[in-house]
> 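Take a look at this one; I'll ask things after.
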Amino acid sequence: MALTYSTAIANARLDVVETTIGTSPILRIRTGSMPATVATASAGTVLASCTLPSDWMAAASSRSKAKSGTWEDTSADNTGTAAHFEIVASDGTTVGMRGTVTATGGGGDMTVDNVSFAAAQAFSITSFTITAAN
């Protein structure tokens, strides 16, 4: 039988994500296939990276938690097609989460304004929300 949780518990579980990863983490957009787990070494070329705002996620509400503030960079690092992302603690090495990247409307875990990155191009994250699955 599947477990179910109250909305308060689901929201608390979501808020722990931001607390555990910490303030001002680093977002990296990468090419290629996403590694199977966060414990697996990073893969693909880093197309872009930026430090996220100190308070990078809004408080969880109604079983979801959305990005907070502006997630963007004025200059991508490399040229290529975005396929996955990782959010890394501010130490630059501890991966907290990974997911897929698509263009807006593409259904990825994170959406960007354009998945075709060119070195020195500006980019922005248009949508990122995590939800509580029971």
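Reckoned from all heavy atoms, side chains included, excluding hydrogens, waters and symmetry mates.
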> If Ile, Leu, Val, Met, Phe, Trp and Tyr residues are connected whenever their side-chain heavy atoms lie under 4.5 Å apart, and connections chain through other members, are Val17 and Ile87 in the same group?
yes
> Could you tell me which non-hydrogen atom of Ala118 sits nearest to which non-hydrogen atom of Ala76, and how far apart they are?
O-CB, 3.5 Å
> Keeping the roles fixed (side chain from Asn114, backbone from Phe117), state whether a donor-acceptor pair exists under 3.5 Å.
no
> For Ala41 and Pro35, work out which heavy atoms get closest and say how close.
O-CG, 3.4 Å
> Do Ile130 and Leu14 come close enough that some side-chain heavy atom pair is under 4.5 Å?
yes
> Given the rule in the side chain to side chain contact (heavy atoms under 4.5 Å, CB included) test, do Val95 and Glu86 qualify, once you have shown the distances and angles that lead to the verdict?
CA-CA 7 Å; Val95 178; Glu86 58 189 15; 4.1 Å; yes
> If you compare all heavy atoms of Val88 against all heavy atoms of Arg28, which two are closest, and at what distance to 0.1 Å?
CG2-NH1, 3.5 Å
> Evaluate the criterion side-chain hydrogen bond (donor to acceptor under 3.5 Å, both in side chains) for residue pair Ser90 and Ser24; output intermediate values, then yes/no.
CA-CA 6 Å; Ser90 61; Ser24 303; over 6 Å; no
> Taking side chain to side chain contact (heavy atoms under 4.5 Å, CB included) as the criterion, tell me which of Asn11, Asp15, Thr129, Thr131 meets it with Lys65.
Asp15
> Between Thr100 and Asp109 (side chain of the first, backbone of the second, donor and acceptor by atom type, cut-off under 3.5 Å), is there such a pair?
yes
> Are any side-chain N or O atoms of His84 and backbone N or O atoms of Ile29, one a donor and one an acceptor, separated by less than 3.5 Å?
no
> Which pair of heavy atoms, one from Ala83 and one from Gly32, lies closest together, and at what distance?
CB-O, 3.0 Å
> Rounded to the nearest 0.5 Å, how far apart are CD1 of Ile21 and CE of Met57?
8.5 Å
> Apply the test side-chain hydrogen bond (donor to acceptor under 3.5 Å, both in side chains) to residues Thr111 and Thr102: give CA-CA distance (whole Å), side-chain angles for both, the deciding distance (0.1 Å), then the verdict.
CA-CA 5 Å; Thr111 59; Thr102 61; 6.0 Å; no
> Mind checking side chain to side chain contact (heavy atoms under 4.5 Å, CB included) for Ala12 and listing every partner two or more places apart, or none if nothing turns up?
none
> I'd like to know if the side chain of Thr37 and the backbone of Ala39 have a donor-acceptor N/O pair within less than 3.5 Å.
yes
> So if you build clusters from Ile, Leu, Val, Met, Phe, Trp, Tyr with side-chain heavy-atom gaps below 4.5 Å, do Ile26 and Met97 land together?
no
> Would Ile125 and Glu72 satisfy side chain to side chain contact (heavy atoms under 4.5 Å, CB included), going step by step from the backbone distance to the final call?
CA-CA 6 Å; Ile125 305 306; Glu72 66 183 2; over 6 Å; no
> For Arg30 and Ser42, what are the C-alpha separation, side-chain angles and deciding distance, and is it a side chain to side chain contact (heavy atoms under 4.5 Å, CB included)?
CA-CA 9 Å; Arg30 293 179 169 272; Ser42 296; 3.5 Å; yes
> We want to know whether Arg98 and Thr40 form a side-chain donor-acceptor pair, criterion being a heavy-atom distance below 3.5 angstrom.
no
> Identify the two heavy atoms, one from Ala120 and one from Ser75, that lie closest to each other, and give their separation to 0.1 Å.
CA-OG, 3.3 Å
> With a 3.5 Å distance limit and no angle check, can you tell me whether Asp73 reaches the backbone of Phe123 through a side-chain donor-acceptor pair?
no
> Is there a continuous path of hydrophobic side-chain contacts, each under 4.5 Å between heavy atoms, that joins Val115 to Leu47?
yes
> List in chain and number order the residues that pass ring pair (Phe, Tyr, Trp, His ring centres under 6.0 Å) with Phe128, two or more places apart in sequence or in another chain; answer none if no residue qualifies.
Trp71, Phe85
> Please report the interatomic distance CD(Glu18) to OG(Ser68), rounded to the nearest 0.5 Å.
7.5 Å
> With sequence neighbours left out, which residue pairs that include part of residues 45-61 fulfil the side-chain hydrogen bond (donor to acceptor under 3.5 Å, both in side chains) condition?
Ser49-Asp77
